[in-house]
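Remember, it's 1-based here, ligands and their atoms both numbered in the order they're listed. When reading the values below, keep in mind they use all heavy atoms of this one structure, side chains included, and skip hydrogens, waters and symmetry mates.
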Amino acid sequence: MVPSQAILFFLFLYSFTAIATQSAHPAFDDSPFCTVTENAEELAGVSSTAPVEIEEHGNGRIIDITHAYRPDMPKFMSVDSLGKVVFLRESLANGSLANFSELKIGMHSGTHVDAPGHVFQEYYEAGFDVNTLDLDVLNGPALLVDVPRDKNITAEVMESLHIPRGVRRVLFRTLNTDRKLMWKKECDMSYVGFMKDGAQWLVDNTDIKLVGLDFLSVAAFDDLVPAHLVFLKSRDIILVEALKLDGVKPGIYSLHCLPLRLVGAEGSPIRCILIK
Ligand SMILES: *[C@@H]1O[C@H](CO)[C@@H](O)[C@H](O)[C@H]1NC(C)=O
Ligand SMILES: *[C@@H]1O[C@H](CO)[C@@H](O)[C@H](O)[C@H]1NC(C)=O
Ligand SMILES: *[C@@H]1O[C@H](CO)[C@@H](O)[C@H](O)[C@H]1NC(C)=O
């Protein structure tokens, strides 16, 4: 089989297994819906175990491809890291009823999505914000591909990937993942991304409507604005940036991405997961 036929076959297989497993939904088990506890300590819910950050959910069935918003993660075009984004405003320690924090974060920080208003003034004014993004594009079968490590994503590179028509969501893993750029404190502007001609090739020759990449911008710095303009002009392509694709096998997954419904925002932090 040539690679494109193989991918189509797996897409077919994917939809078949999705239908086949629908009857016994894994979210439902036979345990009681809600258990009653009469133990006072349990009711208070205080536990001495330290919290752990979960990287693998459901025995590896669910892969979190979102970066945690760490203060020491890189901030785009800055030598400074992202810094503190969660601020404790009220605290149990000083007599408040609860701990209460506020979030203050740039919309294009960490794993995030771009709306058309990001690079088009007329779209910004017309209200094409993150609240207008199509959840049907942000959720569904997606292909994770490795791109050649020695180039930015040009038309030639796009062509060489042989992504068949009908594939609507693609996550591009690049040298950025190998170089662990999202784990550095400082933003490295030599990251890999789309060149303008690569973006144009994708628009003209594929059915891709969701473009995901493993650094803070899908566009290489040399073509930062031109490549964004090509992608966002039609308003039907959604860009998801700074995905955490470390250690994930290439292939087809069920992608689920949910941005915040921030009215008037041209970008938003987004939680993305892959389900095997
Ligand atoms: C309450 O506690 C928080 C965090 O400990 C602190 O930042 C804040 O200034 C305190 N507020 C008052 C009124 O003491
Ligand atoms: C929440 O309140 C507890 C008890 O006052 C305090 O020890 C803890 O530091 C607070 N949480 C945070 C995130 O500051
Ligand atoms: C990709 O382009 C950037 C400039 O935007 C450059 O610094 C980098 O070396 C290029 N990477 C590769 C692998 O060609």
The test is side chain to side chain contact (heavy atoms under 4.5 Å, CB included); show your working for Y69 and L103 and say whether it passes.
CA-CA 11 Å; Y69 296 92; L103 178 66; over 6 Å; no
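Of the charged side-chain nitrogens involved, at least one lies within less than 4.0 Å of a carboxylate oxygen, so that D246 and K180 count as a salt-bridged pair. Salt bridge absent: D207 and R168 never bring a charged side-chain N and a carboxylate O closer than 4.0 Å. Using a cutoff of 4.0 Å between basic side-chain nitrogens and carboxylate oxygens, D72 and R70 are scored as salt-bridged.
Within the 4.5 Å cutoff, the side chain of N139 has heavy atoms near those of the L258 side chain.
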Ligand 3 polar-atom proximity to protein (N/O, under 3.5 Å):
| residue | atom | partner | partner atom | Å |
| --- | --- | --- | --- | --- |
| ligand 3 | 2 (O) | N152 | OD1 | 3.4 |
| ligand 3 | 2 (O) | N152 | ND2 | 2.2 |
| ligand 3 | 5 (O) | F221 | N | 3.3 |
| ligand 3 | 5 (O) | D222 | N | 3.0 |
| ligand 3 | 11 (N) | N152 | ND2 | 3.2 |

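Residue pairs meeting the disulfide bond (SG atoms under 2.5 Å apart) criterion with at least one partner in residues 112-190, sequence neighbours excluded, are absent.
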